[in-house]
Each structure stands twice: as C-alpha cells, then as structure tokens.
Number of protein chains: 2
Amino acid sequence: MAVTIHDVARRAQVSVSTVSRAFTMPDLVRPATREQILRAADELGYRPNRAARGLITGKTGNLGIVVPDLQNPFFPSVVSGAQAQARLADYAVFLADSGEDPRLEAELIHAMTKQVDGVIVCSSRMDVDDLRRATESTTLVLLNRKNPGVPAVLMDSADGIRQAIEHLAALGHRRCAFLSGPRNSWSNKERRRGLRTASRLYGVEVVELGPFAPVFEAGLQAADIALASNVTAIVAFNDLMALGVLNRLNDRKIRVPEEMSVVGFDDIAMAGMCTPQLTTVEMPTQQGGRAAVDLLLDQLAGGDDDRGAAQQRMVGTQLIVRASTAPPRT
Amino acid sequence: MAVTIHDVARRAQVSVSTVSRAFTMPDLVRPATREQILRAADELGYRPNRAARGLITGKTGNLGIVVPDLQNPFFPSVVSGAQAQARLADYAVFLADSGEDPRLEAELIHAMTKQVDGVIVCSSRMDVDDLRRATESTTLVLLNRKNPGVPAVLMDSADGIRQAIEHLAALGHRRCAFLSGPRNSWSNKERRRGLRTASRLYGVEVVELGPFAPVFEAGLQAADIALASNVTAIVAFNDLMALGVLNRLNDRKIRVPEEMSVVGFDDIAMAGMCTPQLTTVEMPTQQGGRAAVDLLLDQLAGGDDDRGAAQQRMVGTQLIVRASTAPPRT
DNA sequence: ACAGTTTCTGCAAAGGTTTGCAGACTCTCC
DNA sequence: GGAGAGTCTGCAAACCTTTGCAGAAACTGT
C-alpha cells in the first residue's frame with residue numbers, strides 16, 4: 001500500500017542505504033545519483049516513515065504540549081505559537097488538555113513520553129513529585145512555572161501587576177482588591193508576590209480575595225465579594241475572571257470605570273472586544289509558545305550535557321490601558 | 001535507557017512473545033504467567049513503544065486534527081471535544097493550524113498521513129482536488145464540510161439561520177443584512193442557502209454583504225457597510241464578526257438592540273460575556289468534535305469495506321436569544 | 001498410564017528505516 | 001598504465017514489536 005524506501009530504491013536503481021542517505025546526509029551521495037533518487041521519490045510520492053526512523057534514531061520528530069484548559073483563550077494562543085514554531089523545525093505536535101486536573105496532567109505527560117522527544121507543559125499544576133518524575137522520564141520545558149533544574153519560559157507576571165498597581169495608584173486609587181487564581185499556579189504566586197511589593201511601593205492597600213477558579217463564572221461570583229470589601233478597583237487573576245466581574249457589575253448597575261475600575265490579565269482577544277474595553281496586562285502568549293519550542297529544541301540538541309542546566313527565559317509583559325480604569329469617585 | 005519488552009521478558013522469565021500477548025491478547029496467556037508479567041512490567045515502568053507496534057500493525061494509535069484558526073474560540077472547543085473522546089479510545093491527537101490557508105491545509109494533512117490512522121479536518125477550505133488527494137492518502141472525516149463519498153459531521157447551519165430569521169421576523173424586522181464568511185466555506189454556503197429559503201418563508205428581505213474574513217476586525221469593517229444599507233438587523237457569519245459589529249456600533253453610538261439588532265453564530269463563550277449579550281446560534285462544538293472522532297474510529301474499525309460509504313452525521317443547532325435583538329424602531 | 005485434545009509458550013520473520021563497515025569505483029599523479 | 005588516495009555505494013545488523021507456526025505442557029477420559 002504505502003510507498004517505502006525500497007520502492008524508491010528499486011525505481012532509482014540504487015540500494016536502500018543510498019536512498020536513505022540521499023535524504024539524511026545529502027552530501028554523501030554523488031549529485032547525479034541524488035537527483036535521480038529525489039526524482040524517483042517525487043514521482044512515487046514517497047515520504048519517509050517517521051516511526052521507523054524513530055525506532056532506530058531514538059528521535060520521534062514529535063513534540064507534546066499539555067495545557068490546563070483549552071477553553072481559556074490564553075492557551076490556544078500559546079499552542080498556536082508553539083505549533084507554528086515547531087513546524088518550522090519540522091516537528092509535529094501532540095496536544096493534550098488536562099482540564100485543570102493535576103493528576104491527569106501527570107498521566108498525560110507520562111502517556112506521551114514514548115511518542116515525543118520532549119513536552120511543553122503550560123501553567124503546570126502538578127505537585128513537585130509528579131513534576132520530578134516527569135522530568136526524569138522525558139525532557140520537558142515549563143511555561144509559566146518555575147522549578148529548580150528544569151528549563152522554563154516565564155512571563156513576568158510580577159512586573160505586570162506592578163504596572164497595573166502603578167497605573168491604579170496614579171489614577172488615585174488607594175485600596176483595591178485582587179482576585180486570586182488557582183493556589184498551585186506559579187503565575188498566581190508571582191502575581192501575589194508582585195502585588196505585595198507594588199502595594200508597598202505605591203502605597204496602595206490590597207485586599208486579597210479567593211482563590212477562585214480562573215473562569216468567567218468565578219468572576220461573577222467574585223464581583224459581589226469584591227464590592228463588599230470597600231475597594232475602588234479590582235484586579236483579577238485573568239481576563240476571563242475580569243470579564244465576569246464586568247458582567248456582574250453591569251448587572252448590579254455599577255458603572256465601570258466611574259464607580260469601579262477593573263483590570264484583567266492576559267489580554268485575550270476578548271479584552272478588546274467587550275464594553276467597556278478592558279484594561280489588562282498583556283501576556284506574550286504566541287511568543288511564549290515559540291520560545292518554549294526553541295528552548296525545548298535547544299535542550300534536545302544540547303544532548304545530555306546539561307551545560308547551562310536549567311535555562312530560563314523571561315519574557316516581558318505590558319499593561320494595556322483601555323476603558324475599564326479611571327480615577328475613583330471622590 | 002528506555003525499558004523494552006525484552007527487559008520485561010527477562011525479569012518475568014518468559015519470552016518476549018508472551019509478554020507481548022499478555023498485553024494485547026490477555027486471555028491467550030495463563031493467568032499466573034500474565035500476572036507475573038504485569039508485575040514485572042509495572043516494576044520496570046514499561047510502556048509499549050507505539051512506534052514499533054505501529055510499524056508492524058500498520059496502526060499508529062494517533063489521530064490528526066487540522067483547524068483553520070486556533071484563535072477562533074470555535075475551534076479550540078471542537079478540538080477539546082475531539083481530544084477528550086480520542087483519549088477514551090486511547091488515541092493521541094496531533095494538532096495543526098492552517099491559518100486559513102487552503103494550500104497549507106493540504107500540506108499539513110499530507111505531512112500527517114504517515115503518523116496517524118486518520119485525520120479530522122475542520123471547516124476545510126481546500127479545493128476538491130486537494131480534498132480528493134487527501135482522501136486517497138489517508139482516511140479522513142470532515143467537520144462542517146460536505147463532499148460526496150467522504151464521511152462528515154455537519155452542524156445544521158441552514159436550520160440555525162432559519163431560526164435566526166424566524167426570530168427576527170417575529171420581532172417585526174423586514175429587512176436585514178447578512179455578513180457573509182469565507183467564500184469556500186461549506187458553513188457559509190449552507191447559511192446562505194438557509195437564508196434564501198428563510199427569507200421567502202418569513203417574508204424578510206435579506207441583503208448579502210461580503211465575503212468577509214471570519215474575524216473580529218472584519219466585523220468592525222462590516223458594521224459600517226451594513227449601516228449604509230438601510231437594515232434593522234444584522235446577522236453575522238460568526239460571533240467574532242458579530243462582536244466586531246457590536247463594537248463598531250457602540251463606537252458610532254448606535255444602540256443595540258434599540259436601533260439595530262445583531263445576531264451571531266457559534267455561541268462562543270464570549271457571546272454571553274459581552275454587553276449587550278449576543279443573540280446567537282449555538283453550534284454544538286464539543287459534541288461535534290466527539291462525533292467526528294467516533295465517525296473516524298468507526299471508519300477505521302470498519303476496514304476497507306465501505307459499507308454505508310460516506311456516513312454523515314448531522315447535529316442540530318439552537319438559537320440562543322439574548323440581549324442583542326429586539327423589535328425594530330418604528 | 002497413555003493417547004488425544006486443548007491450552008500455552010517460544011522461535012523467528014517481518015515491518016521501514018539508519019548506519020558501521022568494507023568493498024567498488026573514480027580520480028590524481030607519477 | 002598502475003598505485004594510492006579519496007569518494008560513493010551496498011550489505012547486513014539493529015531498533016521494538018507483533019504474529020504465524022509449531023512444539024511443549026497441561027489436561028481429559030479411559
């Protein structure tokens with residue numbers, strides 16, 4: 001059925017070894033022969049069987065990427081960046097969605113290991129033991145999670161929130177709420193850390209609420225809680241929650257930004273589409289996905305010599321000021 | 001490095017064949033032996049190498065899914081449904097994003113064929129020749145595209161738009177605009193078809209504008225065009241465009257729904273989060289993804305006997321009435 | 001205890017590719 | 001024209017499984 005290297009060899013009147021070399025080490029075969037082979041391959045529509053190749057080289061040419069929730073626009077964006085970058089290096093990508101379940105996340109990674117050369121784990125919620133096990137069984141890079149000894153691309157959440165608080169302080173806010181995200185999310189920890197220093201730095205009192213699930217519905221729920229806490233601004237863990245807040249405030253006839261300022265995080269597409277348009281911290285998602293692939297590929301190329309060991313790449317964030325923030329009512 | 005079936009065999013003191021059978025045809029090996037093997041495998045952390053298995057069985061245990069644009073929330077939703085369903089059957093899924101490029105779409109499918117047992121192509125924009133070629137080189141199922149001889153799951157767009165027009169007619173609209181989507185999209189053709197019959201059926205005059213790209217920005221652009229065409233309601237090809245329309249109308253101080261009704265298509269999460277909340281036709285995306293996987297798996301199990309040949313599964317759509325539609329101003 | 005079944009198990013080939021090794025060319029230079 | 005070096009090419013083993021075939025073990029019934 002399928003056309004193999006043998007078919008090509010026969011048609012080009014050479015041995016399979018030569019065909020193989022014509023593809024993988026072109027300069028080892030005489031140009032004339034090579035061209036002949038390439039032509040034959042082309043005519044037959046030959047594509048090397050990567051599984052067979054992988055069997056012997058130990059490389060699959062595949063990458064895995066696991067995300068906590070595909071329904072959160074943050075992740076498709078990361079994935080699409082990663083997939084595009086992987087494609088440039090002729091890698092295919094496996095995708096898995098853990099549904100925010102740390103156990104499933106570990107299991108998915110484990111299930112992938114044999115089929116991929118490495119995996120990118122986004123916003124991992126695994127505990128450190130599972131993470132260590134995963135690191136041992138395949139080469140992986142984390143995105144938005146930090147762990148000693150494992151390479152990662154990190155988005156500077158702490159600075160992002162600093163920018164947000166600076167912005168609110170400049171507008172005159174003195175007391176605001178932070179709607180906390182998943183407890184075991186590195187991003188959330190970073191944001192809380194950044195929050196504390198920014199709070200001191202700009203003299204803004206911050207009340208932390210939550211943790212909440214990083215979804216729209218939690219924003220609806222959190223809005224009322226925030227309202228009860230006597231603040232003039234709300235910073236949400238992510239845009240999905242911020243949109244929930246906006247929605248609930250609208251229902252309760254609280255005008256944004258006149259009576260309450262709202263800041264999100266991620267700058268998902270929706271943030272620029274709602275009314276009022278959401279002030280938010282932009283996360284370089286596509287770029288992050290690309291960077292993660294680069295890092296992974298480096299890691300694979302570098303072989304087993306952990307020179308430089310746990311590389312980490314930090315990418316910047318940027319506050320996007322839109323219409324959901326304004327000076328507090330006096 | 002990696003633990004193979006040989007290691008397990010050695011430890012369990014049996015031959016590799018027996019180990020293999022213990023996994024793939026458990027009832028062919030004596031229970032005592034089987035348990036011994038399973039224990040050994042467990043202790044060693046053995047996982048069969050799917051590539052090697054695939055080499056001999058001709059099955060990879062992988063599925064491919066290609067989408068035109070991961071940034072459109074419609075597709076992550078389909079993908080997540082598909083991925084979940086695939087996982088139940090112990091299949092892993094490859095993901096590829098064609099960026100709305102028909103040529104790239106064909107190329108991606110081709111690149112996948114050797115690594116997957118079949119592929120799901122969502123909202124394919126390929127021309128029929130490429131599609132035929134693809135069908136020949138792998139088993140595939142289409143989602144939201146119909147082609148003779150190839151199995152597909154289809155969402156009933158025509159009926160969806162009928163519901164939308166019926167709704168608008170009931171509200172008293174007599175003339176409305178349809179913002180057309182990609183020319184070579186089956187969904188778009190269906191919607192236009194449904195539109196014509198609904199237009200007659202309910203006595204609503206429809207002016208067709210476009211085609212537009214199925215993205216937010218095109219909605220901004222289309223809004224002005226629609227405004228110039230003297231209609232009281234706008235039906236957009238999808239929610240992304242509808243949100244663009246909403247946005248632009250807001251900028252131009254046209255109140256929705258008082259001065260203009262807007263209907264979208266897809267019911268992406270955002271549709272319920274914006275203000276005013278968008279009246280839209282819900283597409284069963286997750287269910288569609290699941291159904292596509294089922295169909296594909298059936299197809300694979302069915303072998304080469306094309307009994308029933310091109311199966312098609314049609315799934316229903318449902319108008320979700322929210323706040324963006326109202327009777328026209330008199 | 002023995003022949004005849006039935007149930008388990010092992011051997012070895014196969015699947016498509018890569019790669020070390022060695023043999024076969026081609027070329028250069030004397 | 002022939003030796004020597006360099007460049008290409010082919011053979012065969014290897015990667016990890018599955019599976020047809022046949023032999024071994026465990027039964028059954030007498």
Side-chain angles (χ1 to χ4, degrees), chain A residues 1-38 40-41 44-62 90 92 111-117 137-138, chain B residues 1-38 40-41 44-62 90 92 111-117 137-138:
Chain A
M1 185 82 248
V3 26
T4 79
I5 202 173
H6 287 93
D7 303 321
V8 179
R10 197 172 320 114
R11 178 178 258 255
Q13 318 222 50
V14 295
S15 76
V16 293
S17 338
T18 309
V19 177
S20 172
R21 277 189 278 257
F23 282 101
T24 55
M25 334 169 79
D27 35 348
L28 274 196
V29 352
R30 196 154 44 105
T33 330
R34 188 197 321 153
E35 199 199 327
Q36 193 178 349
I37 292 171
L38 260 30
L44 263 39
Y46 168 72
R47 295 247 164 167
N49 180 327
R50 303 183 87 156
R53 172 183 294 178
L55 205 48
I56 183 155
T57 61
K59 302 275 150 224
T60 62
N62 298 145
D90 203 29
M112 271 184 177
T113 52
K114 273 286 181 33
Q115 320 201 59
V116 301
D117 296 338
S137 70
T138 189
Chain B
M1 185 84 249
V3 26
T4 80
I5 203 174
H6 287 93
D7 303 322
V8 179
R10 198 171 321 117
R11 177 178 258 256
Q13 317 222 49
V14 295
S15 76
V16 293
S17 340
T18 309
V19 176
S20 172
R21 278 188 278 257
F23 281 101
T24 56
M25 334 170 78
D27 35 348
L28 275 196
V29 352
R30 196 154 44 104
T33 328
R34 188 196 322 152
E35 198 201 330
Q36 193 177 349
I37 292 171
L38 260 31
L44 263 40
Y46 168 73
R47 293 248 164 167
N49 180 328
R50 301 183 88 153
R53 171 182 296 177
L55 204 49
I56 184 157
T57 60
K59 301 275 150 224
T60 63
N62 298 145
D90 204 28
M112 270 183 178
T113 52
K114 275 284 183 33
Q115 321 200 58
V116 302
D117 296 338
S137 70
T138 187

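Protein chains get the first letters and strands the later ones, always in sequence-line order, with residue 1 at the start of each. Model, not experiment: these values are computed from the prediction.
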For DNA chain C, find the residues of residues 16-28 of chain A with a heavy-atom distance under 4.0 Å and give them by number; none if there aren't any.
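Within this stretch, A:Ser17, A:Ser20, A:Arg21, A:Thr24 sit under 4.0 Å of the strand.
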For the pair made of [atom1] in [X] and [atom2] in [N], what is the distance, rounded to whole Å?
X	N	atom1	atom2	result
A:Arg53	D:dT17	CZ	P	20 Å
A:Asp7	C:dG15	CG	C1'	13 Å
B:Ile56	D:dT17	CD1	C1'	6 Å
A:Gln36	D:dT9	CD	C1'	13 Å
B:Leu55	C:dA13	CG	P	17 Å
B:Asn49	D:dA14	CG	P	18 Å
A:Lys59	C:dT17	NZ	C1'	16 Å
A:Ile5	D:dG10	CD1	P	12 Å

Can you tell which of C:dT17, D:dT17, C:dC11 lies closest to the side chain of B:Ser15?
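In terms of side-chain proximity for B:Ser15, the closest of C:dT17, D:dT17, C:dC11 is C:dC11.
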B:Arg50 versus B:Asp90: any side-chain heavy-atom pair under 4.5 Å?
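Yes. Closest side-chain heavy atoms under 4.5 Å.
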Side-chain contact, heavy-atom cut-off 4.5 Å: B:Thr113 with A:Arg47?
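No, side chains not in contact.
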Mark yes or no for whether A:Thr60, through its side chain, and A:Gln115, through its backbone, hold a donor-acceptor pair below 3.5 Å.
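Yes, A:Thr60 side chain to A:Gln115 backbone: donor-acceptor pair under 3.5 Å.
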Using only side-chain N and O atoms of B:Thr33, determine if any of them is under 4.0 Å from OP1 or OP2 of C:dT9.
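For B:Thr33, the contact criterion (side-chain N or O under 4.0 Å from OP1 or OP2 of C:dT9) is met.
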Under 4.0 Å from OP1 or OP2 of C:dT7: is there any side-chain N or O of B:Arg30 that close?
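Answer is no, no contact under 4.0 Å.
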Can you work out whether B:Val14 or B:Ala52 has the more 5'-proximal nearest nucleotide on DNA chain C?
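The 5'-side residue here is B:Val14.
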Please name the pair of heavy atoms, one in A:Leu28 and one in A:Arg21, separated by the smallest distance, quoted to 0.1 Å.
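For A:Leu28 and A:Arg21, the tightest heavy-atom pair comes out as CD1-CD, 4.1 Å.
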Partners meeting side-chain contact (heavy atoms from CB on, under 4.5 Å) with B:Thr4 (sequence neighbours left out):
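For B:Thr4 the side-chain contact (heavy atoms from CB on, under 4.5 Å) partners, ignoring immediate neighbours, are B:His6, B:Asp7.
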If I take atom OG1 from residue B:Thr33 and atom CD from residue B:Gln13, how far apart are they, to the nearest 0.5 angstrom?
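The distance works out to 12.0 Å.
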Would B:Ser17 and B:Ser20 count as having a side-chain donor-acceptor pair, cut-off 3.5 Å?
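No, B:Ser20 and B:Ser17 have no side-chain donor paired with an acceptor closer than 3.5 Å.
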